[in-house]
Protein chains: 2
Amino acid sequence: MKNSSASAATAEPARLSSVVVELSAAIAAVTDESPKILVVQPPDTAARAGLPCGPFDPTGHRTLEEGLRTSVNQQTGLALGYVEQLYTFGNQFRDPEERAGGPRPVSVGYLALVRQTEVKSSAKADWVDWYRHFPWEDARKGTPTILGSVILPRLTTWREDAKGPERLRRRDRLALAFGLEGAAWDNERVLDRYELLYEAGLVFEASFDSGQKVEPNVVAAQMVTGAALTKDHRRILATALGRLRAKIKYRPVIFELMPPTFTLFQLQRAVEALAGGPLHKQNFRRLVANEGLVEPTGHVSAQTGGRPAEIFRFRREVVHERPAPGVRVPVRVRK
Amino acid sequence: MKNSSASAATAEPARLSSVVVELSAAIAAVTDESPKILVVQPPDTAARAGLPCGPFDPTGHRTLEEGLRTSVNQQTGLALGYVEQLYTFGNQFRDPEERAGGPRPVSVGYLALVRQTEVKSSAKADWVDWYRHFPWEDARKGTPTILGSVILPRLTTWREDAKGPERLRRRDRLALAFGLEGAAWDNERVLDRYELLYEAGLVFEASFDSGQKVEPNVVAAQMVTGAALTKDHRRILATALGRLRAKIKYRPVIFELMPPTFTLFQLQRAVEALAGGPLHKQNFRRLVANEGLVEPTGHVSAQTGGRPAEIFRFRREVVHERPAPGVRVPVRVRK
DNA sequence: CCATATATGCTCAAAGTAAGCACAAGTTAC
DNA sequence: GTAACTTGTGCTTACTTTGAGCATATATGG
């Protein structure tokens, strides 16, 4: 424990072996039935976009979460409500500056949920569709075509390129992550899938980080595997999506993303947007009603172009009544 | 992002505002039907015991997990198998050295699972009963007496000491964490409970960290709220227990703690040890069997002092067959 | 009024769960 | 050896949850 502070006392080597703790936030919202996240465009337009983030300042920040909130506030003007820590990454060479002798970034990723598209500040921050970065994760209108046309064929090739036990390991991981060979597609395994694409060199970040030239056909594949982000931000985003998909099932976090009142169909659309697949309507409403997650406001909405929908609000009391109050996502209906 | 490395260039302030990333491991095992964790006793016997940990070295470690594995190996001689990141804490003043101008520790906590009590090295590391640090979490033989005799009365006092909205917030948190006012006891909320005890000053670490004198009756309460650990290690341990209790339900992690073959009752005892409560025997075995988690070896055990039990082994294939293969913990039987 | 769209209520079969009874097959006390 | 006890295992039963779909209610646009 003492060693690190001791090495920090020396002059030049200290710069080389130093660590910077970076706090990054995947800030999610749901608007117009589509999941959004906030990305910031750096002033240098050639650089890749990234998540709102900033360095942890031990003198100014009493906790990591406080540091995150102030960073995000300065950068985007948003005052975050629900915030949850995701994961801490410290992999080598995810930041190009490190090769140039820069400090090793240890990045703590957070998931934040905000209601609607609260206006952002002057900063160059944009709400973009979450699936722009993960086109293979959106199965709301059937299995994404990229899966069958590009991703699975290339991953299969990558798997067969390996020899011996490594090939078996790859076969295993592929089957589990993408629901092959009898396994079921698990919508929470977003990170597993992204990591496989990264290792197989099918996302832009992979060849960028390795610093090596890539073949033209690989470049072509990278074109359709979603928009890249700076450093490991897409990885944080994958972690966030996976965690959020898991969490809506046992905590009422979906309501952090909804307006104060809503129809059950709006709620269903929001859950579908995050879960990435269509749900059985009647069962969905029965479940949310049975769980006591919502209560009627007594009003109805006429905006629907059909029979008016009853308007509901979230019942805060559920958290006291049930051990795991969440939206029980019913079976995925094939479309 | 540039600011932090810039501030590191100056001489004295850099020491004050520096950050050290510390990697800590909650290494769990189950022996003799009781859950164990590995704690190391510092050479200075006056100091509190702690988890195996070490600083993250950006020059030597390519990833955080690699850093953890080498740290633990050097310190205890253990070669970890299953390892999972838990949470990253960066709270101020959890390390007394910080008040003396030391660097701010950002500690990344890990959960590691090892089989049986693999021999430890020469280091002063001991396997201790996990519940020694959390006596209120073990309900295998009925509700722990400390809960009713000390913890809940004092927490109630603490709750009522607050005024206005803060009192309501405390009421809410207390009810949720400890299953009061109609809520159910959720065995996964280990961290929530520990944090409440910490905030209420009922664990030793709280008064130590604050640096303030405490009243004699509070000291008395701290005597029965389990063994303290250094810095925030008990918090990491609480996180680990909560996560493990959640995880055994949907991932077959329990088998990381079991010997290669075992009887169903041994398996049940192991799950009970972690879950902290008794289970219904017949239903437990039906669930484990139905899930296809285990398969018979064809042998029987004669060690049981009763009818010999069939010996099983883990069926690795389940991970391919079911989306969430875990030990479905049946209802808690009241004892 | 009709076609059509969405909202909502209801049924029904299949599967899963909690609880407990009964019996099997060993060990230990005497 | 036998009774008493311990642990293991099969099975029943009432109840709850789930997946799926049918039917009906109430809007809109022609």
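Everything numeric in this text was worked out from a predicted model, so none of it was measured. A note on names: the letters A, B, ... follow the listed sequences, proteins ahead of strands, and every chain is numbered from 1.
- Under the 30°/60° scheme for interplanar angles, the aromatic rings of Tyr194(B) and Trp136(B) are found to lie parallel.
- Taking 4.0 angstrom as the limit, Lys281(B) places none of its side-chain polar atoms (N or O) nearer than this to OP1 or OP2 of dT7(D).
- Using a 4.5 Å heavy-atom threshold, the side chains of Val288(B) and Phe312(B) count as separate.
- Residues that satisfy the side-chain contact (heavy atoms from CB on, under 4.5 Å) test with Thr239(B), not counting sequence neighbours, are Leu86(B), Tyr87(B), Phe89(B), Leu191(B).
- Remark: C1' of dT7(D) and CD1 of Ile311(B) are 14 Å apart, rounded to the nearest angstrom.
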For nucleotides 9-13 of chain C, which of its nitrogen or oxygen atoms have a protein nitrogen or oxygen under 3.5 Å away, and what is each distance?
none

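- Leu287(B) places its CG atom 16 Å from the P atom of dT9(D), with the value rounded to the nearest Å.
- Separating the CD atom of Glu272(B) from the C1' atom of dT7(D) is a distance of 14 Å, rounded to the nearest angstrom.
- Rounded to whole Å, the distance from CZ on Phe262(B) to C1' on dG8(D) is 16 Å.
- Nucleotide dT27(C) holds its C1' atom 16 Å from the CZ atom of Phe265(B), rounded to whole Å.
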Give every pair of a protein N or O atom and an N or O atom of nucleotides 2-4 of chain D that lie under 3.5 Å apart, one pair per line with the distance.
none

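- Straight-line distance from the CD atom of Gln268(A) to the P atom of dA7(C): 9 Å, rounded to whole Å.
- Annotation: ring-ring contact (aromatic ring centres under 6.0 Å, His included) contacts of Phe262(B) (sequence neighbours excluded): Phe255(B).
- Under the salt bridge (Lys or Arg N to Asp or Glu O under 4.0 Å) criterion, Arg316(B) pairs with no residue, sequence neighbours left out.
- Between the P atom of dG26(C) and the NE2 atom of His299(B) lies a distance of 16 Å, rounded to the nearest Å.
- When the ring-ring contact (aromatic ring centres under 6.0 Å, His included) test is applied to Phe265(A), no partner is found at least two apart in sequence or on another chain.
- Legend: residues meeting ring-ring contact (aromatic ring centres under 6.0 Å, His included) with Tyr131(A), ordered by chain and number and at least two apart, are absent.
- Every side-chain contact (heavy atoms from CB on, under 4.5 Å) that Thr261(A) has, sequence neighbours left out, goes to Thr297(A), Ile311(A), Arg313(A).
- The nucleotide whose nearest atom lies closest to any side-chain atom of Pro308(B) is, among dG26(C), dT8(C), dG8(D), dG26(C).
- Between the P atom of dT8(C) and the CZ atom of Phe284(A) lies a distance of 12 Å, rounded to the nearest Å.
- With sequence neighbours excluded, no residue forms a salt bridge (Lys or Arg N to Asp or Glu O under 4.0 Å) with Glu310(A).
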